[in-house]
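Below: the structure, in structure tokens.
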Amino acid sequence: MGTSQTRVLIDAGLSRKETFARLRAIGEEPERLDAILVTHEHTDHVCGLLPLARKGRVPVYITSITAPTIGWEDCQPDVRQFQAGTGFTIGDIIVESFTIPHDAIDPVGYTLRTGGVKIGVATDLGYMPDSIRWHLRGSEFVVLESNHDIEMLKVGPYPWSVKQRVMGRRGHLSNDLACEFIAESLDSTTGILVLGHLSEQNNHPEIVRLVASQALDHRGLKTRLVVVEPRRQSEVFEL
């Protein structure tokens, strides 16, 4: 997320080289990053964190429980710890964190406010508790997980133990659960809904697009739906 004054990156799951390339592809200078917000310690969210944060180059905001799980070693980062559920300000962006149900040590989602606009980000969660529905309320822009199609997951290549983890209440949000949220709780103020974190083995963008469109139609919402495909950079959104 970026304003005229502040640039914030949520998670660093790509390599430093790939992150820099993607930022430059949209006209952003990586050196202008003001902060990295970490949601949790799983590799696909932090594998590029240390190179980006080395020697305090970019401040890292991370919960005090998650911070010790990162092998900082000689990185010498500027780490700013907080308690899940609390808020803080980065430049002209007001950040609020909230706990999410996932099998990490202290996972969080975020809402970001600036200039009267609210953005909500919730990925890597096994279900949608009322607390997260409350935090996303009033968001003009929402990024939500739609990880897997349940039937594809059941017959897919994962071992049964992994399938159980993914389908569990501390796993990942299925298309069905994402659509249930859309049909029941997506705020009418949400102008853009981005569905992402799609499994390459257990989902397909067209399935997500179809079922999510049906859920939006059920509510009569005019929200713009964007499905982010795996390994592809999304468009740039201006609010």
Side-chain angles (χ1 to χ4, degrees), residues 1-3 6-23 28 30-114 118-126 129 131-132 135-136 139 141-145 147 165 170-173 194 196-197 228 230 233-234:
M1 176 181 180
T3 70
T6 310
R7 300 290 190 275
V8 171
L9 179 68
I10 298 180
D11 284 335
L14 302 174
S15 68
R16 179 182 182 274
K17 179 180 179 181
E18 182 67 16
T19 300
F20 277 28
R22 291 195 180 199
L23 287 171
E28 293 289 347
E31 294 76 16
R32 291 192 60 196
L33 277 177
D34 295 290
I36 301 172
L37 306 179
V38 176
T39 61
H40 63 291
E41 76 279 9
H42 288 169
T43 304
D44 59 332
H45 291 259
V46 300
C47 72
L49 179 62
L50 297 185
L52 289 170
R54 193 172 302 282
K55 295 184 179 179
R57 184 182 291 112
V58 185
V60 176
Y61 290 77
I62 188 169
T63 75
S64 56
I65 297 176
T66 300
T69 69
I70 307 296
W72 303 109
E73 286 123 11
D74 299 327
C75 181
Q76 299 178 326
D78 178 2
V79 178
R80 306 184 185 186
Q81 300 182 30
F82 63 92
Q83 182 177 351
T86 60
F88 44 90
T89 300
I90 303 171
D92 58 348
I93 299 175
I94 300 171
V95 180
E96 295 288 342
S97 66
F98 52 89
T99 296
I100 60 176
H102 191 52
D103 57 355
I105 191 168
D106 191 31
V108 294
Y110 294 103
T111 61
L112 303 94
R113 294 177 183 265
T114 186
K118 179 180 179 181
I119 293 173
V121 179
T123 66
D124 293 71
L125 63 165
S131 58
I132 295 180
H135 279 288
L136 296 181
S139 297
F141 185 95
V142 171
V143 179
L144 184 67
E145 177 174 61
N147 177 258
R165 170 191 170 262
R170 298 179 70 239
H172 289 277
L173 208 65
V194 178
H197 214 298
V228 178
Q233 185 165 342
S234 74

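Arg165 is listed as a side-chain neighbour of His172, based on a closest heavy-atom distance under 4.5 Å. Side-chain contact between His42 and His102 is present, with heavy atoms from C-beta onward closer than 4.5 Å. Using a 4.5 Å heavy-atom threshold, the side chains of Phe98 and Ser131 count as separate. In this structure, Phe20 and Leu33 have side chains that are not in contact, with every pair of non-hydrogen atoms separated by 4.5 Å or more. Side-chain contact between Leu112 and Ile10 is present, with at least one heavy-atom pair separated by less than 4.5 Å. In this structure, Val79 and Ile70 have side chains that are not in contact, with every pair of non-hydrogen atoms separated by 4.5 Å or more.
Of all heavy-atom pairs spanning Ala53 and Val60, the tightest one is CB-CG2, 3.5 Å. For Gly2 against Arg7, the heavy-atom pair with the smallest separation is CA-CD, 3.9 Å. Taking each heavy atom of Ser97 and Gly85 in turn, the nearest pair found is OG-N, 3.0 Å. Between Asp11 and Val38, the shortest heavy-atom contact is OD1-CA, 3.4 Å. Nearest approach of Ile132 to Ala122, heavy atoms of both residues: CG2-CB, 4.3 Å. Across all their heavy atoms, Ser234 and Val228 have their closest contact at CB-CG2, 3.9 Å.
A donor-acceptor pair shorter than 3.5 Å cannot be found between the side chains of Asp34 and Thr6. Side-chain contact, Glu96 with His135: no donor N or O sits under 3.5 Å from an acceptor N or O.
The aromatic rings of Phe88 and Tyr110 sit perpendicular to each other, their planes meeting at more than 60°, with 30° as the lower class boundary.
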Practice problem: Start with the C-alpha gap between Thr19 and Leu9, add the side-chain angles, then the distance that decides, and say whether side chain to side chain contact (heavy atoms under 4.5 Å, CB included) holds. | Solution: CA-CA 10 Å; Thr19 300; Leu9 179 68; 4.1 Å; yes
Quiz item: Are Val121 and Met1 close enough, and set up right, to give a side chain to side chain contact (heavy atoms under 4.5 Å, CB included), and what steps lead you there?
Solution: CA-CA 11 Å; Val121 179; Met1 176 181 180; over 6 Å; no
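Remark: Thr114 OG1 to Ile90 CD1 distance equals 11.5 Å, nearest 0.5 Å. One distance of note links CG of Asp124 with CZ of Arg170; it measures 12.0 Å at 0.5 Å rounding. Rounded to the nearest 0.5 Å, atoms CD (Glu18) and CG (Leu23) are 10.0 Å apart. Distance check, rounded to the nearest 0.5 Å: CZ of Phe141 to CD1 of Ile119 gives 6.0 Å. In this structure, CG in Asp103 is found 11.5 Å from CG in Leu125, a value given to the nearest 0.5 Å. The CD1 atom of Ile65 sits 11.0 Å away from atom CD1 of Ile62, with the distance rounded to the nearest 0.5 Å.
Side-chain atoms of Asp44 never come within 3.5 Å of backbone atoms of Gly13 as a donor-acceptor pair (strictly under, hydrogens ignored). For Arg57 (side chain) and Pro51 (main-chain N/O), a donor-acceptor pair under 3.5 Å exists by modelled atom type. With Gln233 contributing its side chain and Arg22 its backbone, the two residues share a donor-acceptor pair below 3.5 Å.
For the pair Arg80 and Phe82, the cation-pi criterion (under 6.0 Å, within 45° of the ring axis) is not fulfilled.
Within a 6.0 Å radius of CD in Gln83, other residues, nucleotides and ligands contribute 12 heavy atoms or fewer.
Partner Thr66 forms a side-chain contact (heavy atoms from CB on, under 4.5 Å) with one of Ile105, Val46, Thr39 and no other, that one being Ile105.
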